[in-house]
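Chain letters run A, B, ... following the sequence lines, proteins first, then strands; residues in each count from 1.
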Number of protein chains: 2
Amino acid sequence: MKELHILIVEDDEELAKSLQLFLNEIAQTTVSHDGFEGQMLGQEGIYDLVVLDLMLPQVNGYDILKHWRNEDHLSMPVLILTAKDTLDDKVHGFQLGADDYLTKPFHREELIMRVKALLKRSGHLGNDNQLTVGPFKVNLSNRIVSVNDKPLELNGKEFDLLVYFIQNPDTIITKDQIFDRLWGFESETAISVVEVYMSNLRKKLKKSSSLSPIKTLRNVGYMFETEALA
Amino acid sequence: MKELHILIVEDDEELAKSLQLFLNEIAQTTVSHDGFEGQMLGQEGIYDLVVLDLMLPQVNGYDILKHWRNEDHLSMPVLILTAKDTLDDKVHGFQLGADDYLTKPFHREELIMRVKALLKRSGHLGNDNQLTVGPFKVNLSNRIVSVNDKPLELNGKEFDLLVYFIQNPDTIITKDQIFDRLWGFESETAISVVEVYMSNLRKKLKKSSSLSPIKTLRNVGYMFETEALA
DNA sequence: CGAAGCAAGCATAAATTAAGCTTAAAAATT
DNA sequence: AATTTTTAAGCTTAATTTATGCTTGCTTCG
């Protein structure tokens with residue numbers, strides 16, 4: 001299971017499938033062929049990046065992006081991928097908060113490069129698949145974690161949980177977001193598992209590094225505080 | 001708003017001048033027409049972003065970027081601006097750690113948009129989800145409040161209450177409005193809870209800042225007065 | 001006029017509720 | 001069999017609500 005999640009909103013099923021194929025080599029992908037559904041999925045706030053087509057049936061890609069940025073206050077990187085190639089279109093896209101704008105037809109390599117660049121810049125992907133925050137080093141390819149160069153053994157879900165926090169430092173993450181990201185919406189599991197894993201992760205962090213960087217915001221969520229790492 | 005500093009490395013003096021003209025509207029700019037000098041300047045590590053041409057006399061733009069990333073461990077965003085438009089060139093640029101790649105000829109607007117997007121993503125350009133009124137700063141994404149830069153701890157409902165006032169300064173808000181917004185119409189709770197929370201919030205504000213910006217309008221409602229913040 | 005009465009709102013503390021934590025055991029997966 | 005995942009239960013702690021008496025300003029009427 002990959003730690004990165006990319007949402008693809010693209011109505012052309014053929015293209016969507018290739019996109020998924022391309023991007024699967026760096027992340028887990030979710031595809032929506034419908035603008036409305038895509039918007040809903042994005043609202044979950046669990047994706048590390050979104051590839052967004054502009055011309056969708058019913059809903060306009062611009063409006064989706066606008067809503068994400070202005071109403072939902074979501075800050076994940078968004079790459080617009082579209083046939084609309086006029087300057088006005090690009091400017092409009094960027095003004096609404098896009099991070100990159102690629103016009104069809106495009107090269108597979110360029111898409112991957114641009115996606116990687118965005119993930120890197122937004123702190124969701126490190127050089128050679130390594131994320132570093134304070135004393136934490138997380139290697140996404142071999143799933144090895146160290147704190148102050150001391151190895152830290154985490155099992156699968158504990159690792160995924162830590163990665164999610166490391167990728168979103170100083171940001172509130174709700175219990176539902178954690179659940180949706182690690183277990184998936186449709187999971188039958190009780191949401192209280194999240195608490196169990198929080199407890200386990202915190203215990204291990206404390207034991208190995210005597211750090212307690214994850215704060216609880218009762219009724220709101222959790223937050224990994226980088227300030228507490230000094 | 002001009003604390004941003006952009007380095008432009010471009011040997012074509014004509015183009016460099018236009019670039020400077022374009023980018024001056026968002027940042028302070030420094031131009032170098034020479035690869036060596038440009039590399040040195042970049043090494044200072046004081047720039048928030050670099051616009052880099054690839055074909056430079058003597059030194060190759062790729063090598064400069066490579067050196068910055070691998071030897072100097074510099075992480076500022078770099079936008080490559082060049083006439084080299086083959087896929088291989090782009091891939092190469094991204095692999096060396098570029099954040100964006102724009103080919104000549106380009107539109108002024110697009111350059112500015114892309115530069116802004118990079119600055120935003122790297123946290124140098126305001127993207128903050130923050131409300132500010134007088135000495136109050138309320139960050140909606142991490143629910144942190146400060147008054148005169150002094151942190152103020154509020155629990156869930158207290159925070160929601162303050163946000164409601166901050167979002168509607170100098171406006172009368174009735175007790176019912178507060179109740180409906182924080183508890184919902186159908187709530188069974190007695191409406192006098194509002195008074196309790198008003199009391200708690202006021203006490204905390206007073207204690208931390210000795211301000212009492214919320215006035216009671218008997219039989220009418222409450223009002224957060226910005227005038228009282230001088 | 002001015003004191004009594006009254007209602008709105010305030011302050012504090014006590015009681016209640018519920019969110020989140022911890023642990024251990026059961027179930028599933030390897 | 002060993003490890004991971006999930007459930008369940010009791011516990012802890014913080015937020016929420018209620019209850020109570022107090023303060024303030026307005027109204028009324030002696």
ask   = Which of residues 173-207 of chain B have a heavy atom under 4.0 Å from DNA chain D?
value = B/Trp183, B/Thr189, B/Ala190, B/Val193, B/Val196, B/Tyr197
inquiry  = In terms of relative ring orientation, are A/Phe106 and A/Phe22 parallel, tilted or perpendicular, with 30° and 60° separating the classes?
reply    = perpendicular
query = Is the closest side-chain donor-acceptor distance between A/Ser32 and A/Asp34 under 3.5 Å?
reply = no
inquiry  = Can a side-chain donor-acceptor contact be found between B/Ser141 and B/Asn129 if the only test is distance below 3.5 angstrom?
reply    = no
message = So, taking the atom named OG1 in A/Thr29 and the one named CD1 in A/Ile6, what distance separates them when rounded to the nearest 0.5 Å?
response = 7.5 Å
query = What is the distance, rounded to the nearest whole Å, between atom CD of A/Glu153 and atom C1' of D/dA2?
reply = 14 Å
ask   = When you check the phosphate oxygens OP1 and OP2 of D/dA15, does a side-chain N or O of A/Asn219 lie under 4.0 Å from one of them?
value = no
Below 3.5 Å between N/O atoms, which protein atoms pair up with nucleotides 23-28 of chain D? Just atom names and distances, please.
| from | atom 1 | to | atom 2 | distance (Å) |
| --- | --- | --- | --- | --- |
| D/dT24 | O2 | B/Arg218 | NH2 | 3.0 |

task = Whole angstrom is fine here: how far is it from CG in B/Asp160 over to C1' in D/dT16?
result = 13 Å
message = Atom NZ of residue position A/Lys66 - does it have more than 12 heavy atoms of other residues, nucleotides or ligands inside 6.0 Å?
response = no
query = In whole angstrom, what separates B/Lys157's NZ from D/dA14's P?
reply = 18 Å
From B/Lys120, B/Arg121, B/Arg69, residue fulfilling salt bridge (Lys or Arg N to Asp or Glu O under 4.0 Å) relative to B/Asp99 = B/Arg69
query = Aromatic rings B/Tyr101 and B/Phe94: how do their planes relate, parallel, tilted or perpendicular, breaks at 30° and 60°?
reply = tilted
query = Counting distance only, does the side-chain N/O of A/Ser187 pair as donor-acceptor with the main-chain N or O of A/Phe185 below 3.5 Å?
reply = no
task = Assign B/Tyr222 to base, sugar-phosphate, or nothing according to its heavy-atom contacts below 4.0 angstrom with the strands shown.
result = sugar-phosphate
Interatomic distance where CG belongs to B/Leu161 and C1' belongs to C/dC10 [whole Å] = 15 Å
message = I need the CG-P distance between A/Asn155 and C/dA28, as an integer number of Å.
response = 19 Å
